[in-house]
Novice: 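This structure is in structure tokens; I'll ask about it shortly.
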Amino acid sequence: MIRRIGWIIGTVIILSLMVAFAGTAQEEITRSPVVSTEKIESVTNLPDFQRRTSTKETSTYYYSVSTIFTTSEPINQYIQMWLEKETDQFLGYVEENKQNNFKEHRAQLHISVKLDTVTDEIHTLTFSIKNKGTDRQDATKIFNLDLTDNKILSLSDVLNVDESNVEGFRSILKEQSNTEAEISLSEWLGAAFDKPEQFNWQMNQSFLTLYQVERENSNKIEIPVESLWPYVTEYIINRLQLTPPKEGVKLLDPAEKYVALTFDDGPSPAVTPLILEILKQNGAKATFFMIGNRVQNYPEIAKQVANEGHEIGNHTGSHPNLTKLSEAQIWQEIVGNSQLIEGVIGRSPTCFRPPYGVYNPIVEKVAFEHYVPIVLWSVDSLDWKNRNPEGVNTRVEETVTPGSIVLLHDIHQSTAEALPALMTGLRNQGYQFVTISELISLQGISGNGPFYGVAK
């Protein structure tokens, strides 16, 4: 009897152990193992670059993360840190929401990458972040790389845009916007340059493309580089080997109000840069009539005027009264100065203004033979006489009318001081600022002039 009881107890214990073991074994069988892989492959046509894809799979989640390893270790480390942050955020989400039971529909993260080559030095990596089985948003992240300087570029590396000139930049964005959504986006961009993390962007020799991060790539603004020339940095000009845009004449709407601001007697190292900055802030172009001996003395300032997209005019080599010179001397003052300016800035002046506005038939003959129109003015600001900014502005506002050519000088500090209020006042009256060539084209005038603009 005792032996039977012992046998029964022993059998029960053995059966209990077998059941427990079987349960554990079944749990191990149903639990998916953790599987991790890494794949490395070379990038087509770029043997120094490697594409690396890491995957990890568990019973609750799966992720696949691809990146490009470049020749720059600092860049590689930065991007790797960013990828680890994205992956950690995904894993954190899975942990926080584990009560959702991801066994039937595992949480998934897929990060893919596309490489675009702009130059041998500049490359773009575009990461596409896709989520499945979660409520995390998809996204796109773009990195623009300079492998020579071992840096990831920011917008401030390619554009000189800050609070002082954001209005001018915003006006360019609006010109490039074709839909209400894009106009809204352009205004948002123009006001948010202090938040570069909210931008995706790409740049090549032809276009700067801006994206809004949270909208992925569904809404973008593509801006021709030539339209942005006043804002493009020397750094990116050199990196992309950009060339200044050719001077062109844009089509104007005859129903609109236009005025041409012109500046004589420069360039001046003290005043011309101030005027250029004010024009840039307003997104405006003007015409600068340059004197040859000043171009010789300040070639970098002359180049800056041209590189920022303004029209260049000829104002003789030494600013004489041409009516008192011989034809040979007049030829040297006009044609010789055109050749000098072209040698400095890379292109010939498009128009000619005689000093003091005086000319005679010999001056006309030389100008016509040189194929440059004579351009005078219809509004004299008297800034050369009245060095009071308020007086200059009052004079212009009282005499300006649509189609006027305004005479100013970029050698007087008071002119630079008058210009911000002058441009604001004219803009409030509905005026837009254009070059001489644009104004002449609008008025349908042909020949060599002289052209005065419209008087009130």
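Positions are given from 1 along the sequence.
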Novice: A side-chain contact here means heavy atoms from C-beta on lying under 4.5 Å apart; do Gln205 and Thr119 qualify?
Specialist: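 Of all side-chain heavy-atom pairs linking Thr119 with Gln205, at least one is under 4.5 Å.
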Novice: With Leu422, which of Thr415, Val400, Val396 fulfils side-chain contact (heavy atoms from CB on, under 4.5 Å)?
Specialist: Val396
Novice: Please verify the inter-ring angle class for His315 with His319; under 30° counts as parallel, over 60° as perpendicular, anything in between as tilted.
Specialist: perpendicular
Novice: Please collect all side-chain hydrogen bond (donor to acceptor under 3.5 Å, both in side chains) contacts where either partner lies in residues 75-87, sequence neighbours excluded, each pair once.
Specialist: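 Found Thr70-Asn76.
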Novice: Would you mind checking if Lys114 and Asp116 are paired as a salt bridge, meaning a charged N to carboxylate O distance below 4.0 Å?
Specialist: yes
Novice: Is Glu438 close to Tyr258 at the side-chain level, that is, under 4.5 Å between some pair of heavy atoms?
Specialist: no
Novice: Counting only N and O atoms by type, is there a donor-acceptor contact under 3.5 Å from the side chain of Lys257 to the main-chain atoms of Gln429?
Specialist: yes
Novice: Rounded to the nearest 0.5 Å, what's the gap from OG1 on Thr424 to CD on Gln281? Could you check?
Specialist: 9.5 Å
Novice: In terms of side-chain heavy atoms, does Thr316 have a donor or acceptor partner in Asn337 at a distance below 3.5 Å?
Specialist: no
Novice: Please lay out, stage by stage, how Thr272 and Val305 fare under the test side chain to side chain contact (heavy atoms under 4.5 Å, CB included).
Specialist: CA-CA 8 Å; Thr272 304; Val305 176; 3.7 Å; yes
Novice: Answer yes or no: is there an ion pair linking Lys285 with Glu311, defined by an N-O contact shorter than 4.0 Å?
Specialist: no
Novice: To the nearest 0.5 angstrom, please state how far the CD atom of Glu342 sits from the CG atom of Asn314.
Specialist: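 The distance works out to 11.5 Å.
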Novice: Just to verify, what does Glu369 make a salt bridge (charged side-chain N to carboxylate O under 4.0 Å, His left out) with, not counting sequence neighbours?
Specialist: Lys365
Novice: Both conditions, 6.0 Å and 45 degrees, for the charged tip of Arg51 above the ring of Phe69: are they met here?
Specialist: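 Negative - Arg51 is either too far from the ring of Phe69 or too far off its axis.
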Novice: Enter the distance from Ile142:CD1 to Thr126:OG1 here, rounded to the nearest 0.5 Å.
Specialist: 4.5 Å
Novice: Does Pro47 offer a backbone N or O that forms a donor-acceptor pair with the side chain of Ser42 under 3.5 Å?
Specialist: no
Novice: Looking only at atom types and distance, does a side-chain atom of Asn360 sit under 3.5 Å from a main-chain N or O of Val363, one as donor and one as acceptor?
Specialist: yes
Novice: Please determine whether side-chain hydrogen bond (donor to acceptor under 3.5 Å, both in side chains) holds for the pair His412 and Asp383, giving the CA-CA distance in whole Å, both sets of side-chain angles, and the decisive distance to 0.1 Å.
Specialist: CA-CA 8 Å; His412 304 310; Asp383 64 338; 5.2 Å; no
Novice: Walk me through whether Arg353 and Thr262 qualify under side-chain hydrogen bond (donor to acceptor under 3.5 Å, both in side chains).
Specialist: CA-CA 10 Å; Arg353 175 173 286 170; Thr262 66; 2.9 Å; yes
Novice: Has the side chain of Ser66 got a donor or acceptor atom that lies under 3.5 Å from a matching backbone atom of Thr53?
Specialist: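 A pair under 3.5 Å: no.
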Novice: CG/Asp146 to OH/Tyr235 distance, rounded to the nearest 0.5 angstrom?
Specialist: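 Here the rounded value is 3.5 Å.
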Novice: Between Phe49 and His123 (judged by ring centroids, cut-off 6.0 Å), do the two rings come close enough to count as a pair?
Specialist: yes
Novice: Any heavy-atom pair between the side chains of Phe127 and Thr140 that's under 4.5 Å?
Specialist: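 Side-chain contact under 4.5 Å: no.
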Novice: I want to check something: taking the side chain as every heavy atom from C-beta on, are Phe143 and Thr124 in contact at a cut-off of under 4.5 Å?
Specialist: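 Phe143 does not reach Thr124 side chain to side chain.
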Novice: Under the side chain to side chain contact (heavy atoms under 4.5 Å, CB included) rule, what do Tyr63 and His110 come out as? Steps first, then yes or no, please.
Specialist: CA-CA 6 Å; Tyr63 68 70; His110 299 265; over 6 Å; no
Novice: Could you check Leu408 against Asp264 for side chain to side chain contact (heavy atoms under 4.5 Å, CB included), going step by step and ending with a plain yes or no?
Specialist: CA-CA 6 Å; Leu408 297 155; Asp264 285 12; over 6 Å; no
Novice: Which atom pair, heavy atoms only, marks the closest approach of Leu240 to Asn204?
Specialist: CD1-O, 3.7 Å
Novice: Where do Ile301 and Ser268 come nearest, in terms of heavy atoms and distance?
Specialist: CG2-O, 4.2 Å
Novice: Please determine whether the number of non-hydrogen atoms from other residues, nucleotides or ligands lying under 6.0 Å from atom NZ of Lys456 exceeds 12.
Specialist: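 Count over threshold, so yes.
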Novice: Just checking, any donor-acceptor pair under 3.5 angstrom between side chains of Asp135 and Tyr93?
Specialist: yes
Novice: So, for Pro267 and Tyr298, which heavy atoms are closest and what is the spacing to 0.1 Å?
Specialist: O-CD1, 3.5 Å
Novice: Using a 3.5 Å distance criterion without hydrogens, assess whether the side chain of Arg294 forms a donor-acceptor pair with backbone atoms of Gly317.
Specialist: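 Pair absent, no side-chain N/O of Arg294 close to backbone of Gly317.
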Novice: To check you understand the geometry: which heavy-atom pair defines the closest contact between Ala284 and His310, and what is its length?
Specialist: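 Scanning both residues completely, I find the closest heavy atoms to be O-CE1, 3.3 Å.
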Novice: Compare all side-chain heavy atoms of Val295 with those of Ile291 and state whether any distance is below 4.5 angstrom.
Specialist: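 No, their side chains stay 4.5 Å or more apart.
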Novice: Checking side chain to side chain contact (heavy atoms under 4.5 Å, CB included) for the pair Tyr359/Glu364: CA distance, chi angles, key distance, verdict?
Specialist: CA-CA 7 Å; Tyr359 60 94; Glu364 287 185 287; 3.7 Å; yes
Novice: Does a donor on one side chain and an acceptor on the other come within less than 3.5 Å for Gln329 and Ser326?
Specialist: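 Result is yes, a qualifying pair exists.
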Novice: I'd like to know if Asp380 and Arg395 make a salt bridge, using a cut-off of under 4.0 Å between side-chain N and carboxylate O.
Specialist: no
Novice: Counting only heavy atoms not in Glu73, do more than 12 sit closer than 6.0 Å to its CD atom?
Specialist: yes
Novice: Would you call Leu322 and Glu333 a side-chain contact if the rule is heavy atoms closer than 4.5 Å?
Specialist: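 Counting from C-beta outward, Leu322 and Glu333 do come under 4.5 Å.
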Novice: Measuring from Asn144:CG to Asp157:CG, what's the distance to the nearest 0.5 Å?
Specialist: 9.5 Å
Novice: Hey, could you give me the OG1/CG distance between Thr67 and Leu125, rounded to the nearest 0.5 Å?
Specialist: 6.5 Å
Novice: May I ask you to check whether over 12 heavy atoms, not counting those of Asp120, lie within 6.0 Å of atom CG?
Specialist: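 At most 12 heavy atoms, drawn from other residues, nucleotides or ligands, come within 6.0 Å of this atom.
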Novice: Answer whether the closest heavy-atom distance between the side chains of Val43 and Gln50 falls below 4.5 Å.
Specialist: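 Side chain of Val43 against side chain of Gln50, heavy atoms only: no contact under 4.5 Å found.
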Novice: In terms of side-chain heavy atoms, does Ser72 have a donor or acceptor partner in Asn150 at a distance below 3.5 Å?
Specialist: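 Looking only at side-chain atoms, Asn150 and Ser72 do form a donor-acceptor pair, the distance falling under 3.5 Å.
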Novice: How far apart are the closest heavy atoms of Leu261 and Ala286, and which atoms are they?
Specialist: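 Shortest heavy-atom separation between Leu261 and Ala286 comes out as O-CB, 3.3 Å.
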Novice: Tell me yes or no: between the side chains of His370 and Ser338, is some donor less than 3.5 Å from an acceptor?
Specialist: yes
Novice: Can we say Arg239 and Asp149 salt-bridge, meaning some charged N sits less than 4.0 Å from an Asp/Glu carboxylate O?
Specialist: yes
Novice: Do Val232 and Ile236 have side chains that approach each other closer than 4.5 Å (heavy atoms only, starting at C-beta)?
Specialist: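 Yes. Closest side-chain heavy atoms under 4.5 Å.
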